[in-house]
A.B. asks: 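Have a look at this one before I ask anything.
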Amino acid sequence: MRCREIFDAAIRVVCEDVTSTEGLEDYADRAPYLLATFLSQCAPIDKRYRKVNGLSPVTYEETAAVNMEADFPLCSVFFPAAIYYLSAMLVIDESETLSDKFFSLYTDAIVSIQADLACMQEQIVDRYGLNK
């Protein structure tokens with residue numbers, strides 16, 4: 001899925017018409033920056049998700065704004081959370097109540113992802129040199 005598709009889904013969630021460019025300029029201008037914020041906040045969770053599920057790690061350049069035509073760099077499990085986060089941030093100035101509802105759905109989605117992460121056994125490193 002591309003970042004543009006995340007944006008289109010968020011626009012539909014806030015009940016806007018994606019096919020109409022009228023009135024969406026502000027959303028389109030802010031979306032790359034908002035998605036970049038989402039990515040930087042969720043990248044550590046994605047890293048753990050990939051490790052726990054045996055997926056190859058992905059590195060992406062952290063920037064202030066994402067390329068909306070680029071592939072969404074996180075695992076597909078983050079799609080709903082990204083849509084809710086973007087929806088919440090896009091309407092925050094117009095409707096605080098609606099924004100709060102979407103932000104709550106975003107946090108629920110992230111909590112659900114984290115709750116589903118299995119524990120991993122790793123070797124303990126003696127950083128203090130006490131076990132000699």
Side-chain angles (χ1 to χ4, degrees):
M1 182 176 278
R2 299 202 181 276
C3 292
R4 170 78 50 206
E5 293 172 280
I6 299 284
F7 173 69
D8 290 347
I11 293 298
R12 286 185 178 95
V13 167
V14 298
C15 299
E16 295 284 352
D17 182 8
V18 179
T19 60
S20 170
T21 57
E22 187 177 324
L24 299 180
E25 298 86 9
D26 178 53
Y27 291 165
D29 289 343
R30 292 187 296 139
Y33 301 98
L34 295 171
L35 273 179
T37 300
F38 173 85
L39 292 174
S40 67
Q41 290 175 347
C42 293
I45 304 167
D46 180 69
K47 183 178 178 179
R48 279 192 317 230
Y49 181 87
R50 289 175 183 278
K51 188 174 184 179
V52 166
N53 290 294
L55 302 172
S56 59
V58 171
T59 56
Y60 64 94
E61 184 180 338
E62 287 192 40
T63 61
V66 299
N67 176 355
M68 296 301 284
E69 302 310 321
D71 288 333
F72 186 75
L74 304 184
C75 291
S76 61
V77 72
F78 288 90
F79 291 164
I83 292 166
Y84 290 137
Y85 178 84
L86 189 54
S87 299
M89 296 300 113
L90 289 175
V91 298
I92 198 165
D93 294 331
E94 290 88 26
S95 174
E96 189 175 329
T97 304
L98 190 58
S99 178
D100 288 347
K101 176 185 173 188
F102 292 137
F103 195 80
S104 177
L105 292 169
Y106 153 70
T107 56
D108 289 347
I110 294 298
V111 166
S112 176
I113 292 167
Q114 289 179 314
D116 288 342
L117 290 178
C119 294
M120 290 186 66
Q121 285 185 332
E122 293 185 4
Q123 187 170 2
I124 297 173
V125 176
D126 182 11
R127 298 203 184 267
Y128 302 103
L130 299 175
N131 294 326
K132 290 186 178 187

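Here, residue 1 is the first one in the sequence, and each next residue gets the next number. Here the structure is a predicted model, which means the values were calculated and not measured.
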A.B. asks: If I take atom CG from residue Leu74 and atom CG from residue Leu35, how far apart are they, to the nearest 0.5 angstrom?
C.D. replies: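 Nearest 0.5 Å value for the CG-CG distance: 9.5 Å.
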A.B. asks: State plainly whether one hydrophobic cluster holds both Leu105 and Val111, where clusters connect Ile, Leu, Val, Met, Phe, Trp and Tyr through side-chain heavy atoms under 4.5 angstrom apart.
C.D. replies: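 Unlinked, Leu105 and Val111 end up in two clusters.
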A.B. asks: How far apart are the C-alpha atoms of Arg2 and Phe72, what are their side-chain angles, what is the distance that settles it, and do they pass the side chain to side chain contact (heavy atoms under 4.5 Å, CB included) test?
C.D. replies: CA-CA 5 Å; Arg2 299 202 181 276; Phe72 186 75; over 6 Å; no
A.B. asks: Is Arg50 paired with Asp46 through a side-chain N to carboxylate O contact shorter than 4.0 Å?
C.D. replies: yes
A.B. asks: For Tyr60 and Ala43, which heavy atoms make the closest approach, and how far apart are they?
C.D. replies: OH-CB, 3.0 Å
A.B. asks: Ser87 side chain to Ile83 main-chain N or O, any donor-acceptor pair under 3.5 Å?
C.D. replies: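 Yes, the answer is positive, given that a donor and an acceptor are paired below the 3.5 Å cut-off.
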A.B. asks: To the nearest 0.5 angstrom, please state how far the CD1 atom of Ile113 sits from the SG atom of Cys42.
C.D. replies: 7.0 Å
A.B. asks: With rounding to the nearest 0.5 Å, note down the distance linking CG in Asn53 to NZ in Lys51.
C.D. replies: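 These two atoms lie 12.5 Å from each other.
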A.B. asks: Say you draw a straight line from CG of Asp100 to CD1 of Ile92; how long is it, rounded to the nearest 0.5 Å?
C.D. replies: 7.5 Å
A.B. asks: With clusters defined by side-chain heavy atoms of hydrophobic residues (ILVMFWY) lying less than 4.5 Å apart, directly or transitively, does Val58 cluster with Val66?
C.D. replies: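 They do not share one cluster, since no chain of ILVMFWY contacts under 4.5 Å joins Val66 to Val58.
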A.B. asks: Quick one: closest heavy-atom pair of Ala36 and Ala64, and the distance?
C.D. replies: CB-O, 3.3 Å
A.B. asks: Restricting to non-hydrogen atoms, name the atom on Ser99 and the atom on Ala88 that form the minimum distance, rounded to 0.1 Å.
C.D. replies: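 The pair with the smallest heavy-atom distance is OG-O, 2.7 Å.
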A.B. asks: Can you tell if the side chain of Tyr106 reaches within under 4.5 Å of the side chain of Leu86, non-hydrogen atoms only?
C.D. replies: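 The answer is no; the side chains never approach within 4.5 Å.
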A.B. asks: With side chain to side chain contact (heavy atoms under 4.5 Å, CB included) as the test, would you mind laying out the steps for Arg12 and Asp8 before giving the verdict?
C.D. replies: CA-CA 6 Å; Arg12 286 185 178 95; Asp8 290 347; 3.6 Å; yes
A.B. asks: Taking atom OH of Tyr33 as the centre, report whether more than 12 heavy atoms of other residues, nucleotides or ligands fall under 6.0 Å from it.
C.D. replies: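 No, not enclosed.
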A.B. asks: Got a second to check how far Asn67's CG is from Glu61's CD, nearest 0.5 Å?
C.D. replies: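 Asn67 atom CG to Glu61 atom CD measures 11.5 Å (nearest 0.5 Å).
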A.B. asks: Could you measure the distance from the CG atom of Leu34 to the CZ atom of Phe7? Nearest 0.5 Å is fine.
C.D. replies: 10.0 Å
A.B. asks: Same cluster or not: are Tyr49 and Met1 linked, directly or through other Ile, Leu, Val, Met, Phe, Trp or Tyr residues, by side-chain heavy atoms under 4.5 angstrom apart?
C.D. replies: yes
A.B. asks: For Ala65 and Thr63, which heavy atoms make the closest approach, and how far apart are they?
C.D. replies: O-OG1, 2.5 Å
A.B. asks: Looking only at the aromatic ring of each residue, does the gap between the centers of Phe103 and Tyr84 stay below 6.0 angstrom?
C.D. replies: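 So the answer is no for these two rings.
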A.B. asks: Could you walk me through whether Gln114 and Asp116 satisfy the side chain to side chain contact (heavy atoms under 4.5 Å, CB included) test, starting with their C-alpha distance in whole Å, then the side-chain angles of each, then the deciding distance to 0.1 Å, before giving a yes or no?
C.D. replies: CA-CA 5 Å; Gln114 289 179 314; Asp116 288 342; over 6 Å; no
A.B. asks: If I compare all heavy atoms of Phe78 with all of Phe38, which pair ends up nearest, and what's the gap?
C.D. replies: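 Distance-wise, the nearest heavy atoms are O-CZ, 4.0 Å.
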A.B. asks: Step by step, would you call Leu90 with Arg30 a side chain to side chain contact (heavy atoms under 4.5 Å, CB included)?
C.D. replies: CA-CA 8 Å; Leu90 289 175; Arg30 292 187 296 139; 4.1 Å; yes
